[in-house]
Each structure stands twice: as C-alpha cells, then as structure tokens.
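What you see is a predicted model, and the numbers here were worked out from it, not measured in a lab. We use all heavy atoms of the structure for the numbers below, so side chains are in, but hydrogens, waters and symmetry mates are not.
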Amino acid sequence: MSQHEQFMAQAIQLAWKGLYTADPNPRVGCVIVKNDQVIGQGWHHRAGEAHAEINALHDAGHEAEGADCYVTLEPCSHFGRTPPCADALIRAGIKRLFVAMTDPNPVVSGTGIQRIEQAGIEVHQGILQSLAEQLNPGFIQRMRLGRPFVRSKMAMSLDGRTAMASGESKWITGAEARADVQKLRARSSAILTGVGTVLADDPLLNVRHVDDWYPHGESIRQPLKVVVDSELRMPTSAQILNDAKVLLFTACERMVRADVETIVLPAPNNQVDLSGMLAVLAKREINEVMVEAGAVLNGALLRSQLIDEMIFYVAPKLMGDAARAVFHLPGMDRMAQNIQLHITDIRAIGQDWRITAVPEYNEAF
C-alpha cells in the first residue's frame with residue numbers, strides 16, 4: 001500500500017465513525033497531512049453539522065496551509081445545510097487534494113474538484129475508491145438510480161424456516177445475533193415491514209441497547225418505520241404506532257387513516273407499488289432500507305428485483321417442513337428460474353451464523 005493509500009485508509013476509518021449518525025448525509029472522513037505527518041483529522045458526525053473537511057481543518061489550525069488533504073468524498077461546492085467545503089479548503093491554502101471518489105449526485109458531481117483545481121490546487125482522484133464506495137451504498141444508489149439500497153434481514157433455522165406453522169417465531173436465533181441486528185437497524189434510514197408481521201408479532205422495530213456504539217455520547221437516531229398494508233388492516237393498538245416516525249403505504253383508496261401518514265400507491269391485484277414506494281422514500285432522503293418482514297413481502301421484493309443485499313442469521317436447529325419458509329415465491333418450477341446468490345461474507349455470531357449475500361437476478365425469474 002502506497003503512502004497516499006495509507007492516509008486515505010485513515011480517512012476511510014474515520015468516516016466509519018459516522019455509520020449510525022451521518023444519515024441522510026454520506027459518511028465522510030478527512031485527514032490533513034504535512035511533512036508526512038497527520039496534523040488534522042475529522043469526520044462528518046450528523047446532518048446539519050460541520051462536514052469532515054471542516055472538522056479536519058479545525059483540528060489542523062493554521063498548519064493546514066501548504067498541507068495535503070485526503071478526503072473520502074469530493075468536497076461539496078454548494079450551499080446546503082452548511083457552506084461549501086471546497087471554498088474552505090481553498091481559503092485554508094492546502095497544497096494538494098486527494099479524493100477517493102467524486103460526488104455521485106449528477107447535479108453537483110465534479111464541481112467541487114473543478115473549483116479547487118481552478119484555484120491552482122493539485123487534485124488526485126480514485127484513491128481507494130472501492131473501499132470508499134462501501135461507506136455509502138445507499139447514498140450512492142439513491143443518487144445514481146433514484147432508489148434506496150434495500151437490505152433484507154432474515155432469521156431462519158438450518159432448514160430454511162422462519163416460523164412454526166402456528167406463526168410462533170421467538171426466538172429462532174440467540175441473543176448475540178439479535179444484538180447484531182440492532183447494528184443493522186442503527187445504520188438504516190428506514191425499517192420496512194409488512195402488515196402480516198405487525199399482526200403476528202406486534203414489533204417495535206426500534207433501535208435499542210446501542211448507546212456504546214455512538215461516539216461522544218451522541219443520541220440514538222431512530223430510523224423511519226415503513227409499513228406495507230395493502231388493505232389497511234393494521235390495528236390502532238399496534239406498538240409501532242407509538243413512534244411518530246411511521247409511514248404507511250397502501251393500495252386501498254377507500255379511506256385514509258388519521259393516526260399515521262398514509263400514501264396510496266396501488267398496483268395490480270390490489271398490491272402496493274413497491275418500486276413507486278422506494279422512489280417516494282428516495283425523495284425523502286432515505287438511503288438504506290432494512291427489511292424485517294415475512295415471506296410474502298420478502299418474496300414480492302425479490303420478484304421485483306428490489307433487494308440489493310440479504311443478511312441471513314442461521315440458527316443450528318431444525319423446524320420441520322410444516323414451518324414457514326423465508327420467501328413466498330409461487331410459480332418457480334424450473335431450475336432456470338432459480339436465483340443465484342453471491343455470498344460476500346460468512347461469520348459466526350454466538351451460536352448462529354450470519355451469511356451476507358447479493359442476489360444475481362435471472363432474466364427468466
């Protein structure tokens with residue numbers, strides 16, 4: 001690894017500190033280097049607060065003049081919640097700028113780099129770009145495709161079952177796996193479930209027991225709760241409604257609920273338009289959606305090719321062929337219709353296994 005890559009790797013590690021707090025902004029890290037020594041470092045803590053570059057410049061002070069700046073994402077060039085970072089770097093008098101990746105927002109992409117180059121500052125791009133992209137899969141996809149990154153979490157037995165035939169499902173996995181799920185919730189912009197899960201389990205779907213993960217004692221950021229309820233069956237007593245941040249999508253145009261924000265997005269067969277739903281969430285700056293649902297909604301998302309990543313928590317137990325499956329996928333009767341999964345990670349979580357996989361969608365599906 002070159003020296004430039006080493007400094008960028010430090011910036012990437014700093015960016016991960018904003019994993020649970022930076023949303024809806026991207027997670028960004030920055031280091032300021034002079035005479036081969038880091039003299040300033042920073043990361044983006046929370047939307048509306050100083051960006052990584054500003055925090056690093058503040059840490060470096062007047063020593064930033066003539067220094068090199070390593071940042072994981074192109075410095076912003078526009079006034080948003082905060083002033084442009086590109087202008088701050090120019091005023092600080094940095095000598096060179098090293099950028100991992102350009103801003104994926106097509107409206108502003110490249111303009112920050114252009115402004116800095118016009119000020120006579122040398123710019124180098126693409127340093128550890130693939131690692132930097134891993135910081136912000138949702139932000140990048142929202143900018144490029146107009147929809148969030150969808151990550152589906154499933155707890156299942158070794159024979160691929162998620163609940164007994166009676167609907168009983170607590171608890172398939174152990175305490176360590178359930179604690180690990182909280183990390184997935186905490187990094188998510190929204191948690192998506194179906195009315196079937198609400199009726200069966202009455203979940204809270206909130207982030208809890210994670211205070212130690214938040215740097216500098218920052219408060220827990222609760223994701224938006226999203227419920228797909230085609231026929232408006234969710235009871236007013238549902239625990240999820242105790243949270244003010246709930247959004248309901250339905251196909252029913254007969255009435256609109258007064259106790260929760262409701263959006264009507266009908267699709268054929270009295271179903272919710274799932275692609276339209278994700279487009280709505282993207283417009284609300286939702287970057288990462290975590291799906292905690294049953295076989296029906298998971299199956300519908302998979303059939304629509306809307307799941308980007310799957311997290312399976314597999315318990316070393318058997319639940320039998322009468323128990324409920326992970327996905328409801330009717331009509332699959334030929335091998336050509338199978339969905340190949342590319343496994344990216346397998347690791348033990350307590351007595352369970354966590355398998356991370358990316359679906360490779362088949363045109364015949």
Derivation of the salt bridge (charged side-chain N to carboxylate O under 4.0 Å, His left out) call for D180 and R178: CA-CA 5 Å; D180 195 63; R178 297 197 297 274; over 6 Å; no
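- By the 6.0 Å and 45° rule, R27 does not stack over the aromatic ring of W43.
- In this structure, D308 does not pair ionically with R151, as no charged nitrogen and carboxylate oxygen lie closer than 4.0 Å.
- D352 has no carboxylate O lying under 4.0 Å from a charged side-chain N of K317, or vice versa, which leaves the two without a salt bridge.
- In this structure, Q351 places its CD atom where only 12 or fewer heavy-atom neighbours from other residues, nucleotides or ligands lie under 6.0 Å away.
- Contact of the I127 side chain with the Y70 side chain is not registered, since no non-hydrogen atoms from C-beta on lie closer than 4.5 Å.
- Shown here is K283, whose NZ atom has no more than 12 heavy atoms of other residues, nucleotides or ligands within 6.0 Å.
- Expressed to the nearest 0.5 Å, how far CG of D68 lies from NZ of K34 amounts to 10.0 Å.
- For the pair E261 (side chain) and L248 (backbone), a donor-acceptor distance under 3.5 Å is absent.
- The line from CG of N287 to CG of L281 is 11.0 Å long, rounded to the nearest 0.5 Å.
- The line from CZ of F7 to CZ of F98 is 9.5 Å long, rounded to the nearest 0.5 Å.
- The CE atom of M101 sits 13.0 Å away from atom CG of L128, with the distance rounded to the nearest 0.5 Å.
- At distances below 3.5 Å, not a single donor-acceptor pair connects side-chain atoms of N269 with backbone N or O atoms of Q271.
- Residues E133 and Q129 bring a donor and an acceptor atom of their side chains to less than 3.5 Å of each other.
- Contact of the C85 side chain with the I54 side chain is registered, since non-hydrogen atoms from C-beta on lie closer than 4.5 Å.
- Annotation: the span from N136 atom CG to L73 atom CG amounts to 7.0 Å, rounded to 0.5 Å.
- The closest side-chain donor-acceptor pair between S189 and D23 falls under 3.5 angstrom.
- Side-chain atoms of E122 and H124 form a donor-acceptor pair, as typed in the model, at a separation below 3.5 Å.
- One side chain, S152 or N298, offers a donor N or O that lies under 3.5 Å from an acceptor on the other.
- Checked by atom type and distance alone, the side chain of R142 never pairs as donor or acceptor with a backbone atom of F149 at under 3.5 Å.
- Between E117 and I113, some side-chain heavy-atom pair lies under the 4.5 Å cut-off.
- In the hydrophobic clustering of ILVMFWY residues, with side-chain heavy atoms under 4.5 Å counting as a link, L97 and I90 come out together.
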Trace of the salt bridge (charged side-chain N to carboxylate O under 4.0 Å, His left out) decision for D321 with R161: CA-CA 8 Å; D321 57 4; R161 304 295 170 171; over 6 Å; no
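- Linking Ile, Leu, Val, Met, Phe, Trp and Tyr residues whenever their side-chain heavy atoms come within less than 4.5 Å leaves V296 and M234 in two separate clusters.
- The local environment of CG in N242 is crowded, with over 12 non-hydrogen atoms from other residues, nucleotides or ligands closer than 6.0 Å.
- Shown here are the side chain to side chain contact (heavy atoms under 4.5 Å, CB included) partners of R233, two or more places apart in sequence or in another chain: V195, L199, D229, E231.
- In this structure, the side chain of T21 engages the main chain of H45 through a donor-acceptor pair within 3.5 Å.
- The line from CG of L224 to CZ of R284 is 7.5 Å long, rounded to the nearest 0.5 Å.
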